[in-house]
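The structure appears right after this line, and notes come after that.
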Amino acid sequence: MADTRFSRRSFLKSSAAGTAGLVTPALLGAGTAHAAESRVLEHLGVALYTVREQMTADAAGTLKAIADLGYRYVETGLLPALGPALKAAGLKQASAYAPTYLVTGNRKAWAGGGDLLPESYDWSKAVDEAKSQGLEYLVIVYLMRGERGGLDVYRDLAARLAKAGETCRKAGLGLAYHAHAFEYEAIDGVRPIELMLKETPKDLLGLELDTFWASIAGVDPVKMVQTYAGRVPLVHLKDKATGTPVQYDEGKVPKEAFKEIGRGAVDFAAFLPAAAKAGVKYYYVEQDYCSGTPIDCLRVSRQALASLAAAKKV
């Protein structure tokens with residue numbers, strides 16, 4: 001994700017309107033005929049931020065197009081629930097983004113970009129919603145600048161994540177944290193993402209590893225997934241333009257840095273086997289910006305992943 005301060009939340013908010021009236025008989029069963037495939041392809045999905053504008057304009061058609069490309073899953077916000085629409089398109093959802101302020105308590109940091117959930121809506125309600133949707137994971141996907149700080153801030157966040165993770169665990173769910181680039185920038189020699197993972201029990205917090213954001217922060221995604229093997233249930237797959245310099249501020253990353261799988265510098269031939277060995281369960285293709293249409297970009301990325309999965313037998 002790299003856009004304006006409220007880009008992802010604006011997308012999630014607009015999805016409510018875009019998904020209204022989605023279920024139509026013509027879509028039932030669409031995208032369900034798939035040949036036997038590798039585990040990666042069987043658990044391959046799309047992060048719907050990739051198609052945020054298309055979802056607003058034509059959610060049903062967009063979901064059908066994703067399914068027709070051979071993707072099986074999507075990942076998006078917890079609300080609005082997309083269950084009936086996904087079923088109609090032949091897609092599934094295993095994980096969803098929960099509002100960060102339900103964990104940090106900092107609603108002010110998210111003010112100004114659309115309506116927030118009522119103050120009475122707490123973390124337990126998000127967990128209940130996830131259970132009702134049949135999800136496996138909730139994801140804390142982004143920290144606003146007002147929620148960031150020094151190491152003490154991240155230690156406090158780790159404690160809050162552990163508490164939220166315990167609620168998830170008791171409900172039979174997992175909790176994951178999605179890191180962008182800023183969590184890899186060392187503070188007094190310590191990377192915040194490493195601190196948070198160190199200070200939370202493994203069974204209470206996992207990592208949703210994004211190959212692009214790790215790479216642009218100067219961290220090898222292969223080494224990252226190996227280091228935290230057994231603790232990375234979810235990954236975002238996206239490539240980075242060759243020669244892109246290290247950058248911790250996602251707002252300064254040029255749009256041209258985002259590439260389809262196989263058209264950049266990330267070593268997916270090494271990453272996919274490492275991810276499979278590390279126990280990754282779900283793989284989501286995401287491309288924040290596309291030079292062509294997002295559907296065309298998703299097609300290119302899936303074709304590349306299919307070739308790599310066949311070659312590496314993953």
Side-chain angles (χ1 to χ4, degrees), residues 1-2 8 39-40 43-47 49-50 73-76 94-98 100 136-143 154 157-158 161 165 174-186 191-240 244 246-248 250 253 257-259 261-262 264-288 301 305 308-309 312 314:
M1 190 276 293
R8 187 176 291 278
R39 175 169 177 80
V40 170
H43 294 83
L44 184 63
V46 171
Y49 185 72
T50 308
Y73 291 85
V74 301
E75 187 182 64
T76 188
S95 53
Y97 315 131
T100 303
E136 298 177 41
Y137 297 94
L138 282 174
V139 180
I140 297 301
V141 74
Y142 191 69
L143 290 180
Y154 287 106
L157 176 59
L161 288 167
L175 176 65
Y177 181 89
H178 180 291
H180 286 74
F182 64 85
E183 293 98 335
Y184 291 101
E185 184 175 16
R191 290 173 174 157
I193 187 59
E194 295 174 353
L195 175 68
M196 288 189 287
L197 292 172
K198 179 181 178 181
E199 300 212 355
T200 50
K202 294 181 179 180
D203 63 335
L204 299 185
L205 183 69
L207 171 67
E208 181 171 63
L209 176 62
D210 187 302
T211 58
F212 178 93
W213 292 118
S215 181
I216 206 166
V219 176
D220 183 355
V222 176
K223 292 182 179 178
M224 195 69 182
V225 79
Q226 291 172 335
T227 298
Y228 293 100
R231 202 172 180 180
V232 187
L234 315 167
V235 294
H236 277 196
L237 305 175
K238 56 176 175 265
D239 220 334
K240 180 193 74 174
T244 303
V246 170
Q247 176 60 258
Y248 298 112
E250 69 275 9
V253 175
F258 298 89
K259 295 296 182 182
I261 305 300
V266 177
D267 188 357
F268 285 100
F271 181 79
L272 291 181
K277 185 176 181 180
V280 172
K281 293 184 66 177
Y282 297 101
Y283 303 75
Y284 301 110
V285 172
E286 182 180 47
Q287 189 166 337
D288 300 43
S301 289
L305 289 169
L308 287 169
K312 297 298 179 180
V314 291

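- Residues F271 and L308 have side chains not in contact (no heavy-atom distance under 4.5 Å, counting atoms from C-beta outward).
- Each of V139, T100, I193 was evaluated against Y177; a single residue qualifies, I193, per the side chain to side chain contact (heavy atoms under 4.5 Å, CB included) test.
- Atoms OG1 and NZ, from T244 and K259 in turn, are 8.5 Å apart once rounded to the nearest 0.5 Å.
- Contact record, P233 with G206: CD-CA, 4.4 Å, taken as the closest heavy-atom pair.
- Annotation for T200 and A158: closest pair CG2-O, 3.1 Å, computed over non-hydrogen atoms.
- E286 and H236 are linked by a side-chain donor-acceptor pair at a separation below 3.5 angstrom, with hydrogens and angles left out of the test.
- Within the 4.5 Å cutoff, the side chain of R39 has no heavy atoms near those of the V280 side chain.
- The ring of F258 has its center closer than 6.0 angstrom to the ring center of F212.
- Separating the CE atom in M224 from the CG atom in L209 is a distance of 6.5 Å, to the nearest 0.5 Å.
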Walk me through it: do D210 and H178 pass the test side chain to side chain donor-acceptor pair (under 3.5 Å)? CA-CA 7 Å; D210 187 302; H178 180 291; 3.3 Å; yes

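- For the pair L305 and L44, the minimum side-chain heavy-atom distance is below 4.5 Å.
- Residues V235 and Y284 fail the side-chain proximity criterion, which asks for heavy atoms closer than 4.5 Å.
- Atom OH in Y248 sits 6.5 Å away from atom CZ in R191 (nearest 0.5 Å).
- Pairing each heavy atom of V253 with each of Q247, the nearest pair is CG2-CG, 3.8 Å.
- Rounding to the nearest 0.5 Å gives a distance of 5.5 Å between CD1 of I261 and OG1 of T211.
- The shortest non-hydrogen separation linking S301 to Q287 is OG-OE1, 4.4 Å.
- H43 and Y282 have their aromatic ring centers within a separation under 6.0 angstrom.
- D288 has its side chain out of reach of T50: every pair of non-hydrogen atoms, C-beta onward, lies at least 4.5 Å apart.
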The test is side chain to side chain donor-acceptor pair (under 3.5 Å); show your working for Y97 and E75 and say whether it passes. CA-CA 8 Å; Y97 315 131; E75 187 182 64; 2.8 Å; yes

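- Closest non-hydrogen pair, A269 versus P273, comes out as O-CD, 3.1 Å.
- When side chains are defined from C-beta on, L161 counts as touching L175, because their heavy atoms get closer than 4.5 Å.
- R231 places no side-chain N or O within donor-acceptor distance of the main-chain N or O of L207, the cut-off being under 3.5 Å.
- Annotation: the span from S215 atom OG to Y184 atom OH amounts to 10.0 Å, rounded to 0.5 Å.
- D239 places a side-chain N or O within donor-acceptor distance of the main-chain N or O of G264, the cut-off being under 3.5 Å.
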Go through the steps for L197 and K202 under the test side chain to side chain contact (heavy atoms under 4.5 Å, CB included), then give the verdict. CA-CA 8 Å; L197 292 172; K202 294 181 179 180; over 6 Å; no

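- With a 4.5 Å cut-off on side-chain heavy atoms, L234 and K281 do not count as touching.
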Show the numbers, then the answer: is there a side chain to side chain contact (heavy atoms under 4.5 Å, CB included) between E208 and I140? CA-CA 9 Å; E208 181 171 63; I140 297 301; over 6 Å; no

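- Between E194 and E183 the shortest side-chain heavy-atom distance does not fall below 4.5 Å.
- Side-chain contact of Y73 with S95: a donor-acceptor pair under 3.5 Å is absent, judged by distance alone.
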